[in-house]
Amino acid sequence: MTIKTVILAAGKGSRMKSKRPKVLHKIAAKPMLQWVAESVANLNSELVVVYGHGGEAVKKSLPTFQVNWAEQVEQLGTGHAVQQAIPYISTDDTVLILYGDVPLIQESTLQLMVKACNSKTMSLLTVKLDQPTGYGRIVRKNNKVTKIVEQKDATPEELLINEVNTGIMAVNGGLLKGWLAALKNNNAQAEYYLTDIIEMAVNDGVAIETIQPSNKYEVQGVNSTAQLNELERYQQSVHAEYFMQQGVTLADANRFDVRGEVKKLGSDIFIDCNVLLEGAISIGSEVSIGPNCVISNAIIDDNVTIKANSVLEDCIIGSNSDVGPFARIRPGTKLGSDTKVGNFVEIKKTNLGNGSKVSHLSYIGDAEIGQEVNIGAGTITCNYDGVNKYTTTIESGAFIGSDTQLVAPVTVGKNATIAAGTTLTKNAPEGVLTLSRAKQVTFKNWKRTNKE
């Protein structure tokens, strides 16, 4: 059996009030279309994406997937959209039909649907809602599905039905081709409804097995930014629940966001309020992350403390280290074990050796720093001449005094001391004191200018 997954992604989404194609709006920093594609990644299915509005951008949104693209030039309904995928569908395929704006459908639900589908049975995903307004109603007779009626075409009695169609179904390819060819658009919207194939299936003696999702959010579509936000908050609650199941202590599960993939979670982790984790994250044991931190694509080793309002990106933090508050660790930085990066320190593309400290108010960029180095407040590595960037090397045991400028390329030797206020333009030899200062002058007869 070959599974073909058809994802309908041609809608403009005018209610989003956005130039961006609707399916490219993001939940947890990932386009809705990508969420749908990932839900079938383990089903070994072939993807067919029906696109329309913003086609080139939609095509670029799934770079890691093998996709057959089918364009829907005119928006003539869901049935018409699926018709565009027919060239990719064979008679013996099992066709799974999904929607690019229904992002949180679960793989486990789709597996049930595929399992229930064969040449004599199609599966249909339905859900019971307290407020079914706007959805197509599932009409049954003797508990068997007979048809789906859209909201605008429903009778008053049919409007009372609370079991609704999600539009998600699995159907034999041969049957689907025949039914799509027979679709008519004699309805209030003058569109070709995919839902009309249900009545055709009944007339052809094909059984319809209904499957229910684990929760309503699996089948909730997005037509506005308010609905997008609702799914965002739900997905973040799922992330928070997972973290807590792994033993992580969250100060407030409602003020914690994950926008990526957590590769590792150690034991005894504490995460304070308003922390955002992005990209690929690994966190060791005995780690404390203070409030208002943003951590992206980082590896954090054991016994690390990250204090409030720090930003870490594409970096490695060694064990027993202390970062922040108000620190910025930029891409390419690797902090060794037992290091300290204090408040209002920015470090970029730097290796900071074991036991070294940059305690406050400094910029360290493009540097190789050895072990047990102390860098005083206000130190700057002047790594950029306006065209090229150069490396500053500070060897182990060196002491850099406050308010020092290290004009790269320059090397500070092992156990050297650089006096406060120095502008270093030449290499400093190891084990001795190096300084550069202008002569201090006092003008005794000088007077301040007074305002007239």
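Computed over heavy atoms, backbone and side chain alike; hydrogens, waters and symmetry mates excluded.
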Self-check item: Where at least one partner belongs to residues 260-312, residue pairs that pass ring pair (Phe, Tyr, Trp, His ring centres under 6.0 Å), sequence neighbours excluded
Solution: none
Practice problem: Sequence neighbours left out, what pairs pass ring pair (Phe, Tyr, Trp, His ring centres under 6.0 Å) with at least one residue falling in residues 370-424? | Solution: none
Mind checking side-chain hydrogen bond (donor to acceptor under 3.5 Å, both in side chains) for [X] and listing every partner two or more places apart, or none if nothing turns up?
| X | answer |
| --- | --- |
| Asp101 | Lys22 |
| Tyr234 | Asn215 |
| Gln75 | none |

Name all pairs fulfilling the side-chain hydrogen bond (donor to acceptor under 3.5 Å, both in side chains) condition that reach into [range], sequence neighbours left out, sorted by first residue then second.
| range | result |
| --- | --- |
| residues 261-289 | Glu261-Lys263, Ser267-Ser285, Asn274-Asn292, Glu278-Ser296 |
| residues 125-134 | Thr126-Glu163, Thr126-Gln212 |
| residues 364-377 | Lys348-Asp366, Asn351-Glu368, Asp366-Asn383 |

Going by atom type alone, with no hydrogens or angles, which donor-acceptor pairs under 3.5 Å involve a side-chain atom of residues 57-68 and a protein atom two or more places apart or on another chain?
{"unit_1": "Lys59", "atom_1": "NZ", "unit_2": "Tyr51", "atom_2": "OH", "d": "3.4"}
{"unit_1": "Ser61", "atom_1": "OG", "unit_2": "Val58", "atom_2": "O", "d": "2.6"}

Sequence neighbours excluded, which residues qualify as salt bridge (charged side-chain N to carboxylate O under 4.0 Å, His left out) partners of [X]?
| X | result |
| --- | --- |
| Lys340 | none |
| Arg233 | Asp257 |
| Lys30 | Glu38 |

Quiz item: Would you find a donor on one side and an acceptor on the other, under 3.5 Å apart, between the side chain of Asp93 and the backbone of Val95?
Solution: no
Quiz item: For the side chain of Ser45 and the backbone of Ile3, is there at least one donor-acceptor N/O pair under 3.5 Å apart?
Solution: no
Quiz item: Parallel under 30°, tilted from 30 to 60°, perpendicular over 60°: which one fits the rings of Phe243 and Phe256?
Solution: perpendicular
Quiz item: At what distance, to the nearest 0.5 angstrom, does OG of Ser319 lie from CG of Asp338?
Solution: 6.0 Å
